[in-house]
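Take a look at the structure below.
Just so it is clear: chains get the letters A, B, ... in the order the sequence lines come, proteins before strands, and each one is counted from 1. Just so we're clear, the structure is a prediction, and the values are computed from it rather than from any experiment.
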There are 4 protein chains.
Amino acid sequence: MRATTRSGPVRSEAARRAILSAAVELLAERGYDQLAIEAIASRAGVGKQTIYRWWGSKSAIIAEALLEGMILRERLDVPNTGDIRADLGAWLREIGDVLLSKQGQGLARSLIAAATDNAEVGQRLRDAIAGSGALSTRLTAAIENESRLAADAPIDEIAESLVGALLLRALSRSQLDDDAIEGLITVALGHAG
Amino acid sequence: MRATTRSGPVRSEAARRAILSAAVELLAERGYDQLAIEAIASRAGVGKQTIYRWWGSKSAIIAEALLEGMILRERLDVPNTGDIRADLGAWLREIGDVLLSKQGQGLARSLIAAATDNAEVGQRLRDAIAGSGALSTRLTAAIENESRLAADAPIDEIAESLVGALLLRALSRSQLDDDAIEGLITVALGHAG
Amino acid sequence: MRATTRSGPVRSEAARRAILSAAVELLAERGYDQLAIEAIASRAGVGKQTIYRWWGSKSAIIAEALLEGMILRERLDVPNTGDIRADLGAWLREIGDVLLSKQGQGLARSLIAAATDNAEVGQRLRDAIAGSGALSTRLTAAIENESRLAADAPIDEIAESLVGALLLRALSRSQLDDDAIEGLITVALGHAG
Amino acid sequence: MRATTRSGPVRSEAARRAILSAAVELLAERGYDQLAIEAIASRAGVGKQTIYRWWGSKSAIIAEALLEGMILRERLDVPNTGDIRADLGAWLREIGDVLLSKQGQGLARSLIAAATDNAEVGQRLRDAIAGSGALSTRLTAAIENESRLAADAPIDEIAESLVGALLLRALSRSQLDDDAIEGLITVALGHAG
DNA sequence: CTCTAATCGAGACGGTACGTCAGGTCTTTTA
DNA sequence: TAAAAGACCTGACGTACCGTCTCGATTAGAG
């Protein structure tokens, strides 16, 4: 008894990449709501069926592009100068520029919109920004080396608070000024009376 | 010199309310993406044009319903027993039930989706939960009476952090368990090492 | 006992004329199918209800305009030089110019379209061109004075044939060249072998 | 060097026929003005886009149905007993029944209405009744064999006169009685004094 | 070196919803 | 109480995409 082995051509990597690229481009240009599968297919020079064969929805395409680092790839690292307060400030400023600036607002809201109809996008978005990645690592390091954070500081919730505040800003279209950044850091790092 | 007064019939309040009600019902039933203007019109027993005459998009309808308190009306008050930590815990549990429970998740994500294409929804969503309303008031009271919060605690940012974290949970479909609630409160109220 | 006299303003003749004029203008500009009651009202500076109060349909407006001679008023007279053949030729050329020329085709087809949904328009169109008016009169005169037509020539049917042929040309968008005019006259005036 | 052949699915003949049939049915039931593309699509069990993909207007559908002989197929032949006068009488009576009778009036006016916004319908309508088809043929035969028509009788204009008269009758909703038929035949076949 | 099966680009198909236009009715204000 | 203005419900318009389904051509193991 043998496993029946498939014959015929194999999935085209070129098509896959073209689709992801087209999707990312169009997401930036038009926003998630205006992003049409037909437009992706056309831009990628691909038949619609090739998309439907491999992805179940447009949010799944975005999820995969996110996973491949084709969106939000750079500038999400938290610096580590030894001063957690300064580092968080720099990071918030950086990420605020990317996500909340005039040009970037669309992107942030597009990703949020994608997350609303695909759990995986939500997860990956969270991971990409707050996740096991850079932010948590930096906070952990701060506990050990900087004694500014209590040893039992709730790292996950700190990260969530920061990222959640960013999300809320993106939704309400408000910029992140210096005072707000200061305030958020104060909350994150503790401010008991 | 008088202002020229328009003659002719006046906007129908009955139609306006029927539209808002239908929109709220359908939002809960189907979610924002599946919410069709035609369905609202049909459920409200109204012509589509009557909707387009007064609102520019479906998100504008949601924004108005939010303003009228037709969504998220109840259970958003923060209790005041004199113990801010306990009160915040109760409030988070309550609101977590509304927004993150099986039935409620749709609502939270629907509101977020609506916010992604309408700044006003974003603003009002923020106000409705974190706004000048209950949460800030309770935190201010805590500063004065409970000496758990420093006098200069950044109240707005605390509220933003809490609400943002809730929305982030809604996006990534994670429940709010007791540990998470504890963590969030610790962040909110300060936990310096 | 007195007759109860109606109070209040009486039908506005100004409005009536404005409506007919606007209808005639728009009929010429846009054609019957594109002729909208709302456009007539707007152009006439009149409320829609003022139209619906007095007319049952847009074709009824056209019928009245036709009756008032606001359409097809001029150039429909048949000349009478004593030579019926020459006179019919001149008349056909004239009317052919009005109804079948580039600019006029629309008018002819518009009137035909109006006739398809209003019997009165059909009747009046026929009367206006072939009717008790000029054409029949001229043919009758020809019988008496020119002995080219038999005394019992079926005048009504001759007129019908000529006008019908013109309308048929309008429908099939064919011009009326000299040969066709000759042929029609030959048919009209008799040509037995 | 070969012509590049399109790949992909091919036009559905079933859909095409269903659309034409539905259109013809609805034309008879409701008349041209009340004929809605949506109703055709629905009756044919077809998406609207499938109609718009292949036809530019509802009149184009009627034009094609006319070309396919789905309308006015039967009973338009002119009999040939050797007596042109009798034959034309029979034909006029026949066609008058079809087009001008209570049931048929709608059809005649519907076709005329279709012709007013589509040149092709006008042409085909003319061809179907007066065209190179039966009527002209019969008249030509009469010239050769019956010596009732002069050799140079203007056949096209005779046909036009007859059909035009029918058109005018249809527009003015008047029946075609025996006297009128006699008169028209007299005009058609010549009656010089 | 064929045969077979799956992939690909293309795009037609039955649908749903869009946002707009106009129809005919009803309501309000002004004259 | 007619007339202007215009809101209302209805229904159809023509368009954009949806997700499914053919097509014909191409391509890579299996026999």
Side-chain angles (χ1 to χ4, degrees), chain A residues 2 4-12 14-15 18 34-42 44-54 56-58, chain B residues 4-12 14-16 34-42 44-54 56-58, chain C residues 6-12 14-16 18 34-42 44-54 56-58, chain D residues 5-12 14-16 18 34-42 44-54 56-58:
Chain A
R2 306 188 293 94
T4 29
T5 23
R6 223 186 45 71
S7 84
V10 102
R11 178 173 186 181
S12 156
Q34 302 304 319
L35 177 59
I37 298 269
E38 296 201 337
I40 297 174
S42 156
V46 137
K48 277 202 287 180
Q49 198 55 258
T50 302
I51 296 184
Y52 284 109
R53 195 169 3 246
W54 303 109
S57 64
K58 67 179 179 179
Chain B
T4 29
T5 27
R6 223 186 47 72
S7 88
V10 104
R11 179 173 184 180
S12 157
R16 185 180 145 270
Q34 302 303 318
L35 177 59
I37 299 268
E38 296 205 335
I40 297 175
S42 154
V46 136
K48 274 200 286 180
Q49 202 55 53
T50 300
I51 296 183
Y52 285 109
R53 193 169 6 249
W54 303 109
S57 63
K58 66 180 179 178
Chain C
R6 226 179 42 71
S7 86
V10 103
R11 178 172 186 182
S12 156
R16 184 180 145 271
Q34 302 303 319
L35 176 61
I37 298 270
E38 296 200 337
I40 297 175
S42 157
V46 136
K48 277 202 285 179
Q49 198 53 258
T50 302
I51 296 182
Y52 283 110
R53 196 167 2 246
W54 304 108
S57 64
K58 67 179 178 179
Chain D
T5 26
R6 222 187 44 72
S7 90
V10 104
R11 179 172 185 180
S12 157
R16 185 181 146 270
Q34 301 303 318
L35 177 60
I37 299 269
E38 295 204 338
I40 297 174
S42 156
V46 137
K48 272 201 286 180
Q49 202 55 50
T50 300
I51 296 183
Y52 284 109
R53 191 166 11 244
W54 303 110
S57 63
K58 66 179 179 178

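- Donor-acceptor pairing under 3.5 Å, judged by distance alone, is absent between the side chain of Lys48(D) and the base of dG15(E).
- Rounded to whole Å, atom P of dG14(F) lies 11 Å from atom CD1 of Ile40(D).
- In this structure, the nucleotide among dC8(E), dC23(F), dC8(F) sitting nearest to the side chain of Thr50(A) is dC8(E).
- When every heavy atom of Ser12(B) is checked against every heavy atom of Ala15(B), the shortest pair comes out as OG-N, 3.0 Å.
- Both Ala44(D) and Ala36(C) sit near DNA chain E, but only Ala44(D) has its closest nucleotide nearer the 5' end.
- Between the P atom of dG14(F) and the CD atom of Glu38(D) lies a distance of 9 Å, rounded to the nearest Å.
- Of all the heavy atoms in Ala44(D) and Ala18(D), the pair that sits closest is CB-O, 3.5 Å.
- The nearest pair of heavy atoms linking Ile37(A) to Lys58(A) is CD1-CB, 3.8 Å.
- Nucleotides of DNA chain F nearest to Ser7(B) and Val10(D) differ in position, and the one nearer the 5' end is that of Ser7(B).
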Between Arg53(C) and Thr50(C), does a side chain to side chain contact (heavy atoms under 4.5 Å, CB included) hold up when you go through it step by step?
CA-CA 5 Å; Arg53(C) 196 167 2 246; Thr50(C) 302; 4.0 Å; yes
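- Atom CD1 of Ile51(D) is separated from atom P of dT16(E) by 15 Å (rounded to the nearest Å).
- The side chain of Arg6(B) places no N or O atom within less than 4.0 Å of a non-bridging phosphate oxygen (OP1 or OP2) of dT28(E).
- Across dC18(E), dC21(E), dG24(E), the shortest atom-to-atom separation from the side chain of Gln49(B) is found for dC21(E).
- Residue Arg53(C) has its side chain nearest to dA2(F) when only dA17(E), dA2(F), dC13(F) are considered.
- The distance from atom CH2 of Trp54(D) to atom CZ of Arg11(D), rounded to the nearest 0.5 Å, is 5.5 Å.
- You'll find that the side chain of Ile37(D) is closest to dC13(F), out of dG24(F), dC18(F), dC13(F).
- Residue Trp54(A) has no polar side-chain atom (N or O) positioned under 4.0 Å from OP1 or OP2 of dA6(E).
- Nearest-nucleotide assignment on DNA chain E puts the 5′-proximal partner with Ala15(D), out of Ala15(D) and Gly8(B).
- If you check every strand for non-hydrogen atoms under 4.0 Å, Arg11(B) touches sugar and phosphate atoms only.
- Evaluation of atom-type donor-acceptor distances gives no pair under 3.5 Å for the side chain of Ser12(D) against the base of dA12(E).
- When each of Leu35(D) and Pro9(D) is assigned the nucleotide of DNA chain F bearing its nearest heavy atom, the one mapping closer to the 5' terminus is Leu35(D).
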